[in-house]
Amino acid sequence: MSVQIANRSMHVDMRVMLNAINKQLRTRTISNAGLSASTADVAWSNAVDFHIDGPQIYTKAAGTGDISAVADVPAVQATGTERYYLFTLDASGTFNVVAGEAAASDAEWPEAPDDVAVFGGVKVVNVSGSDFTMGTTAFADVTASFYNLASSPAEGLISAAVEVDDE
């Protein structure tokens, strides 16, 4: 069956939306990591199965991600702020952290790079009176909510939708 779309602009918008949905379905985690805090690091109690841009399944054994070894994590989260962090794996199984922007309230999830699978995340609310340093400060010193994820919530199917003008 084929569908004819008379409006060229709508056709292009539909393609953009369908490509975004296809990308999300081809890069995602397909198992529950079982995340928890491990002092200042993150632990996952289950093997993580995931896809990156295709049908091949990669597996990362249960373990702990050494956040202090991740180069691009923001150094400090000020007291009185909240921030979301994503935990990702690349095809070689390398653990990484993607940080969102710190905000006084209503922080948002960051988007993940195309070449990694998101398997979890944490929302850190820092009202400790001191700065929080990801990978150094213990999660017990702040309010930390861990999430097992299949992809970044910032990249939900709804955010892939395109606004279309009816002309």
J.: Assess whether side chain to side chain contact (heavy atoms under 4.5 Å, CB included) is satisfied between L149 and L86, documenting all intermediate values.
T.: CA-CA 9 Å; L149 301 170; L86 293 175; 3.9 Å; yes
J.: Quick check for you: to the nearest 0.5 Å, what is the distance between D131 atom CG and T136 atom OG1?
T.: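 So the CG of D131 and the OG1 of T136 are separated by 12.0 Å.
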J.: When you measure from the side chain of K60 to the backbone of V48, do you find a donor-acceptor pair of N or O atoms at a distance under 3.5 Å?
T.: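 No; judged by distance alone, with no hydrogens or angles, the pair does not exist.
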J.: Is the backbone N or O of V116 less than 3.5 Å from a side-chain atom of D90, with the two atoms forming a donor-acceptor pair by type?
T.: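 Between the backbone of V116 and the side chain of D90 there is no qualifying donor-acceptor contact (under 3.5 Å).
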J.: Answer yes or no: is there a donor N or O on one side and an acceptor on the other, between the side chain of N148 and the main chain of L35, under 3.5 Å?
T.: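 Present.
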J.: Hey, does the side chain of S152 reach the backbone of P110 with a donor-acceptor pair shorter than 3.5 angstrom?
T.: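 Side chain of S152 to backbone of P110: a pair is present.
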J.: Starting at OG of S151, measure out to CZ of R28 and round the result to the nearest 0.5 Å.
T.: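 One finds 4.5 Å between OG of S151 and CZ of R28.
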J.: F87 and L89: same hydrophobic cluster, using ILVMFWY side-chain contacts below 4.5 Å?
T.: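 Yes: a chain of side-chain contacts under 4.5 Å links F87 to L89.
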J.: Evaluate the side-chain proximity of V122 to V42: yes if any heavy-atom separation is below 4.5 Å, no if none is.
T.: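 With C-beta onward as the side chain, the pair stays apart.
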J.: If I compare all heavy atoms of E101 with all of A107, which pair ends up nearest, and what's the gap?
T.: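 Between these two residues, the closest heavy atoms are O-CB, 4.1 Å.
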J.: If we ignore hydrogens and angles and just use 3.5 Å, is the side chain of E82 paired with the main-chain N or O of D106 as donor and acceptor?
T.: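 Between the backbone of D106 and the side chain of E82 there is a qualifying donor-acceptor contact (under 3.5 Å).
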J.: Using the six-membered ring wherever Trp is involved, compare the ring planes of F132 and F139 and label them parallel, tilted or perpendicular (cut-offs 30° and 60°).
T.: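 Rings of F132 and F139: tilted, as their planes differ by 30° to 60°.
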J.: Under 4.5 Å between any side-chain heavy atoms of I67 and F95, yes or no?
T.: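 The answer is yes, as the side chains (C-beta and beyond) meet within the 4.5 Å cut-off.
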J.: Following the transitive rule for hydrophobic clusters with a side-chain heavy-atom cut-off under 4.5 Å over Ile, Leu, Val, Met, Phe, Trp and Tyr, establish whether Y84 and V97 coincide in one cluster.
T.: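 Unlinked, Y84 and V97 end up in two clusters.
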J.: ring-ring contact (aromatic ring centres under 6.0 Å, His included) with Y85: which residues, sequence neighbours excluded?
T.: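 Here no residue qualifies.
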J.: Check whether F119 and V73 end up in the same hydrophobic cluster, where Ile, Leu, Val, Met, Phe, Trp and Tyr are linked by side-chain heavy atoms less than 4.5 Å apart.
T.: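 As far as the 4.5 Å side-chain criterion goes, V73 and F119 are connected within one cluster.
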J.: Is a side-chain N or O of T29 found less than 3.5 angstrom from the main chain of F50, in a donor-acceptor match?
T.: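 Side chain of T29 to backbone of F50, a donor-acceptor pair under 3.5 Å: no, none is there.
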J.: Nearest heavy-atom pair of N126 and Q77: which atoms, and what distance?
T.: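 Looks like ND2-O, 3.1 Å.
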J.: Kindly give the heavy-atom pair with the smallest separation between T79 and S130, and that separation in Å.
T.: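 Nearest pair, atom of T79 first, then S130: CB-O, 3.5 Å.
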J.: Kindly state each residue pair satisfying side chain to side chain donor-acceptor pair (under 3.5 Å) with at least one member in residues 34-51, sequence neighbours excluded.
T.: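 Every pair satisfying side chain to side chain donor-acceptor pair (under 3.5 Å) with a residue in residues 34-51: D49-T59.
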